[in-house]
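Here is the structure we will look at, set down as structure tokens.
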Amino acid sequence: MTPCLARAVGIDLNEDHRALAETDRFGNLVEIRRTRRNLYGKREKEAKAIFARARTEITRT
């Protein structure tokens, strides 16, 4: 992520993926990160573990 003090981060939470978009202080898009996950056939416990890992991945700096 950028070291600038004035920026915005948007997080999009969907059933099959997570996304993060960062803008600079002028509103210009700086970075987009996405993590896709296939949850078909997964049990609830498995799905929660997958989302926990995705959350960790998308918030890494």
Practice task
List for me each residue that meets side chain to side chain contact (heavy atoms under 4.5 Å, CB included) alongside Tyr40, sequence neighbours excluded, and say none if there are none.
Solution key: Asn38
Practice task
Side-chain contact test, heavy atoms from C-beta onward, threshold under 4.5 Å: evaluate it for Thr23 versus Asn28 and give yes or no.
Solution key: no
Problem - Closest approach of Glu46 to Gly41 (non-hydrogen atoms, all atoms of both residues) - result: OE1-O, 4.4 Å
Practice task
Please report the closest heavy-atom contact between Leu29 and Glu22, naming both atoms and the distance.
Solution key: CD1-O, 3.5 Å
Handout entry: With Lys48 via side chain to side chain donor-acceptor pair (under 3.5 Å) - residues at least two apart
Key = Glu44
Handout entry: Taking every non-hydrogen atom, the tightest pair across Ala19 and Arg34
Key = CB-CG, 3.9 Å
Practice task
May I ask you to test the Ile32-Leu20 pair for a side-chain heavy-atom distance under 4.5 Å?
Solution key: no
